[in-house]
Asker: 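Can you read through this structure? Questions will come right after.
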Amino acid sequence: MNKRQQGWFESLRRVIQFGDTYDSLFPEGSAGRRALQTIKAALAAGEHDAGTRRVNARQGTLTKRAALRALTFLLDAIAHTANRIGLLKPRFAERFPLPRPLTNAVILEAARGFLQELARDGVVAEFVARGLPADFVDNLRAALSAYETAAADHHASQLSLASSFTGVREAAKTRSEEHTSELQSLAYLV
């Protein structure tokens with residue numbers, strides 16, 4: 001949720017607080033009372049929904065970070081080993097560059113590039129001969145796939161979190177279209 005959305009939630013909370021403070025101004029059954037009840041219901045539903053989505057977004061962030069660390073660790077090991085091989089075989093290390101700074105895009109590009117280079121004949125054997133496990137290519141593929149999945153899930157959870165604000169706004173709008181002037185009056189007072 002961004003600052004503008006948080007500000008909107010705070011405005012709704014102030015309207016509710018105003019309604020609670022000046023309860024006597026809104027007789028039972030009045031349009032103002034109904035508008036306040038609509039705002040309270042929409043805000044409560046939205047805050048609950050946003051809270052659930054925040055938890056999911058945070059978990060998505062943690063999963064993405066862990067997958068990124070695992071992928072970066074493998075890429076560093078491959079690049080370091082390629083540099084060692086390059087001491088005996090000129091230009092070998094150039095095939096496995098790991099540019100800095102390591103942004104998400106650089107890491108993804110490097111992983112895909114490494115996999116292409118590792119598909120060439122005899123390249124994997126050079127790495128295994130210098131201490132990498134025989135299944136390091138499978139591990140790299142799995143780490144890349146895990147990161148791509150985590151990144152997609154994280155993106156989806158962020159979109160879901162952003163949409164929770166829209167859902168509250170739409171719920172309040174739908175439930176209170178007949179109370180537009182009362183809502184504007186309440187917002188003006190706050």
Side-chain angles (χ1 to χ4, degrees), residues 1-76 98-112 142-190:
M1 186 178 319
N2 63 34
K3 287 183 181 184
R4 188 187 69 147
Q5 293 166 341
Q6 289 173 344
W8 196 78
F9 272 104
E10 287 303 317
S11 293
L12 290 178
R13 286 185 194 101
R14 286 192 304 273
V15 168
I16 292 169
Q17 184 179 17
F18 176 85
D20 290 344
T21 301
Y22 298 100
D23 188 57
S24 61
L25 296 177
F26 304 101
E28 201 61 45
S30 69
R33 172 77 61 165
R34 287 192 312 269
L36 283 170
Q37 291 169 341
T38 297
I39 292 171
K40 282 182 182 181
L43 185 63
E47 285 180 330
H48 174 73
D49 186 46
T52 301
R53 291 177 192 219
R54 265 194 297 277
V55 168
N56 292 341
R58 180 67 181 149
Q59 184 59 45
T61 299
L62 296 175
T63 302
K64 180 182 170 188
R65 282 185 191 160
L68 184 64
R69 277 193 301 270
L71 182 58
T72 304
F73 177 78
L74 287 170
L75 293 174
D76 278 335
L98 195 53
R100 305 285 181 194
L102 287 177
T103 63
N104 292 352
V106 167
I107 291 169
L108 285 171
E109 184 179 325
R112 292 177 184 132
L144 176 59
S145 177
Y147 176 73
E148 289 172 332
T149 300
D153 290 348
H154 177 256
H155 182 70
S157 69
Q158 292 297 321
L159 290 176
S160 176
L161 180 59
S163 73
S164 68
F165 166 74
T166 304
V168 172
R169 186 170 52 186
E170 290 304 313
K173 182 180 173 184
T174 301
R175 293 179 187 168
S176 63
E177 286 179 345
E178 71 267 13
H179 309 296
T180 302
S181 61
E182 290 88 355
L183 289 172
Q184 289 171 346
S185 298
L186 288 173
Y188 179 73
L189 292 173
V190 177

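FYI, side chains are in, hydrogens and waters are out, and symmetry mates aren't considered; it's all heavy atoms of this structure. These numbers come from a predicted model, not from an experiment.
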Asker: Are Arg14 and Ser11 close enough that a side-chain donor and a side-chain acceptor fall under 3.5 Å?
Answerer: yes

Asker: How long is the gap from OG1 on Thr149 to CG on Leu144, to the nearest 0.5 Å?
Answerer: 9.0 Å

Asker: Testing the basics here: between Leu75 and Ala111, what is the closest heavy-atom pair and its distance to 0.1 Å?
Answerer: CD2-CA, 3.7 Å

Asker: Between atom NZ of Lys64 and atom CG of Leu68, what is the distance when rounded to the nearest 0.5 Å?
Answerer: 7.5 Å

Asker: Under 6.0 Å between ring centres: does that hold for Tyr22 and Phe18?
Answerer: yes

Asker: Is any side-chain heavy atom of Val106 closer than 4.5 Å to a side-chain heavy atom of Arg100?
Answerer: no

Asker: Can you measure from CG (Leu102) to OG1 (Thr72) and round to the nearest 0.5 angstrom?
Answerer: 6.0 Å

Asker: With a cut-off of 6.0 Å (strictly less than), are more than 12 heavy atoms of other residues, nucleotides or ligands near CD of Gln17?
Answerer: no

Asker: Looking at every non-hydrogen atom in both residues, tell me the closest pair between Ala67 and Ala150 and how far apart they are.
Answerer: CB-CB, 4.2 Å

Asker: Look up atom CD1 in Ile107 and atom CG in Asp76, then write down how far apart they are to the nearest 0.5 Å.
Answerer: 8.5 Å

Asker: Taking all atoms of both residues into account, what is the closest heavy-atom pair of Leu36 and Gly19, and its distance?
Answerer: CD1-CA, 3.6 Å

Asker: Between CG of Leu25 and CZ of Arg33, what distance do you get to the nearest 0.5 Å?
Answerer: 10.0 Å

